[in-house]
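Everything on this sheet refers to the single structure shown next.
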Amino acid sequence: QVQLVESGGGLVQAGGSLRLSCAASGRTFSTYSMGWFRQAPGKERELVAHILPSVGRTWYAGSVQGRFTISRDNAKNTVYLQMDSLKSEDTAVYFCAARAFSGVVTSPALYNYWGQGTQVTVSS
């Protein structure tokens, strides 16, 4: 069982930065693939960044490539999402999710555990 708690969301002006954190419980955090999803009103939940377990290989959606950086600290059971050059279209609720198997998958249904989400609002 893994419990995930996000933090770091808020209101920021376009062009600004935010850093999201996701703290995980459980001793097996380092074995999970971790993803950051977002969901805007009226839209489907979408994967924006993903990081593999111990190797730490990353994947990004095209819409955030070059602006967002995902990282993890297995000693602290935490995954981060550094968001720079934010745009109004980045406004959404951001969720972290854990998947027990390696490999990048974009379907939310294939993730085993979810956090409660944190709101990110970018004003233009």
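One-based numbering along the sequence shown.
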Is there a donor in the side chain of T121 and an acceptor in the side chain of Q119, or the other way round, less than 3.5 Å apart?
yes
Which Ile, Leu, Val, Met, Phe, Trp or Tyr residues join F68 in one cluster when any pair of side-chain heavy atoms under 4.5 Å counts as a link?
V2, L4, V12, L18, L20, F29, Y32, M34, W36, V48, I51, Y60, V64, I70, V79, L81, M83, L86, Y94, Y113, V120, V122
Only counting residues at least two apart or in another chain, list the ones meeting ring pair (Phe, Tyr, Trp, His ring centres under 6.0 Å) with Y111.
F37
With a sphere of 6.0 Å drawn around CD of Q3, does it hold more than 12 non-hydrogen atoms of other residues, nucleotides or ligands?
no
For the side chain of R99 and the backbone of F101, is there at least one donor-acceptor N/O pair under 3.5 Å apart?
yes
Listing request: all disulfide bond (SG atoms under 2.5 Å apart) pairs with a residue in residues 88-124, at least two apart in sequence or in separate chains.
C22-C96
Sorted by chain and residue number, the side chain to side chain donor-acceptor pair (under 3.5 Å) partners of S123 (sequence neighbours excluded) come out as none
Once side-chain contact (heavy atoms from CB on, under 4.5 Å) is applied, do any residues pair with S124, and if so which ones, sequence neighbours excluded?
S88
For S30 and P53, which heavy atoms make the closest approach, and how far apart are they?
O-CB, 3.1 Å
Applying a strict under-4.5 Å side-chain criterion to I, L, V, M, F, W and Y, I'd like to know whether W114 and V5 cluster together.
no
Mind checking what makes side-chain contact (heavy atoms from CB on, under 4.5 Å) contact with T106, not counting sequence neighbours?
L47, W59
I'd like to check the side chain to side chain donor-acceptor pair (under 3.5 Å) partners of Q39; sequence neighbours left out, ordered by chain and number.
R45
So which atom in G103 and which in L52 form the shortest heavy-atom distance, rounded to 0.1 Å?
N-CD2, 3.4 Å
Please list all pairs passing the salt bridge (charged side-chain N to carboxylate O under 4.0 Å, His left out) test where one or both residues lie in residues 28-39, with sequence neighbours left out.
R38-E46, R38-D90
Under the rule for side-chain contact (heavy atoms from CB on, under 4.5 Å), what residues qualify as partners of S17, not counting sequence neighbours?
Q82, D84
E89: partners by side-chain contact (heavy atoms from CB on, under 4.5 Å), with sequence neighbours left out:
K87
Residue list, ring pair (Phe, Tyr, Trp, His ring centres under 6.0 Å) with F95, at least two apart or on another chain:
none
